[in-house]
Amino acid sequence: MSDPAAWLGSDLARSPDWVKALPAGAVGELDAALAVVRRRGLRWPQFGRDDFPLPTLSATLGAALDELEHGRGFVLLRRIPVERYGPEDLKDVYWGLGSHLGHA
């Protein structure tokens, strides 16, 4: 059995399963989680996973975390609506997503 982290570029070109799109409803969850940290007066890096609730998106992020730790070692998350957020909000969205993947 080969190690999934021992990949070549040609392997990635053949299989796009390392690219994960945010599921339907994810934008609403991101907006709601952002509202939670805003109400509490938190900004990055002052909050963690428990402060940025993602009730259904957390399953997608859990699968990404498994791929990071036990698979290829990377994933590409698509459909994060960066144009929806200003720079400060986007920092908090990225920090919040990252808080579901590990600890800084």
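One is the number of the first residue; the rest follow in order along the sequence.
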message: Hydrophobic clusters here meaning ILVMFWY residues chained together by side-chain heavy-atom distances under 4.5 Å, can you tell me if Leu76 and Leu22 are in one?
response: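 Not linked; separate clusters.
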Show every donor-acceptor pair shorter than 3.5 Å between a side-chain atom in residues 57-68 and any protein atom, with sequence neighbours excluded, or say none if there are none.
residue	atom	partner	partner atom	Å
Ser58	OG	Leu54	O	3.0
Ser58	OG	Pro55	O	3.3
Glu67	OE2	Arg72	N	2.9
Glu67	OE2	Arg72	NH1	3.2

Measure the [atom1]-[atom2] distance between [X] and [Y] for me, rounded to the nearest 0.5 Å.
X     : Y     : atom1 : atom2 : result
Ser99 : Asp51 : OG    : CG    : 8.0 Å
Leu90 : Glu83 : CG    : CD    : 9.5 Å
Leu12 : Asp17 : CG    : CG    : 9.0 Å
Phe52 : Arg40 : CZ    : CZ    : 12.5 Å

Within-4.5 Å side-chain heavy-atom neighbours: [X] and [Y]:
X     : Y     : result
Trp18 : Asp11 : no
Glu88 : Arg43 : yes
Val19 : Val75 : no
Val93 : Val82 : no

query: In the hydrophobic clustering that connects Ile, Leu, Val, Met, Phe, Trp and Tyr at side-chain heavy-atom distances below 4.5 Å, which members other than Leu8 occupy its cluster, ordered by chain and number?
result: none
- prompt: Does Asp92 use its side chain to pair, donor to acceptor, with the backbone of Trp44 at less than 3.5 Å?
  reply: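 Here the side-chain-to-backbone pair exists.
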message: To check you understand the geometry: which heavy-atom pair defines the closest contact between Ala21 and Arg79, and what is its length?
response: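 Scanning both residues completely, I find the closest heavy atoms to be CB-NH1, 3.7 Å.
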query: Residues two or more places apart in sequence or in another chain: which of them pass side-chain contact (heavy atoms from CB on, under 4.5 Å) with Val27?
result: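 side-chain contact (heavy atoms from CB on, under 4.5 Å) list for Val27, sorted by chain: Asp31, Pro81, Arg84, Tyr85.
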message: Does atom NE2 (His103) have a neighbourhood of more than 12 heavy atoms from anything else shown, all under 6.0 Å?
response: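 Result for NE2/His103: open.
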query: Taking it one step at a time, do Phe47 and Val36 satisfy side chain to side chain contact (heavy atoms under 4.5 Å, CB included)?
result: CA-CA 11 Å; Phe47 65 91; Val36 168; over 6 Å; no
- request: Anything under 30° is parallel, anything over 60° is perpendicular, the rest tilted; go ahead and classify Phe74 against Trp7.
  value: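 Because their plane-to-plane angle is over 60°, the rings of Phe74 and Trp7 count as perpendicular.
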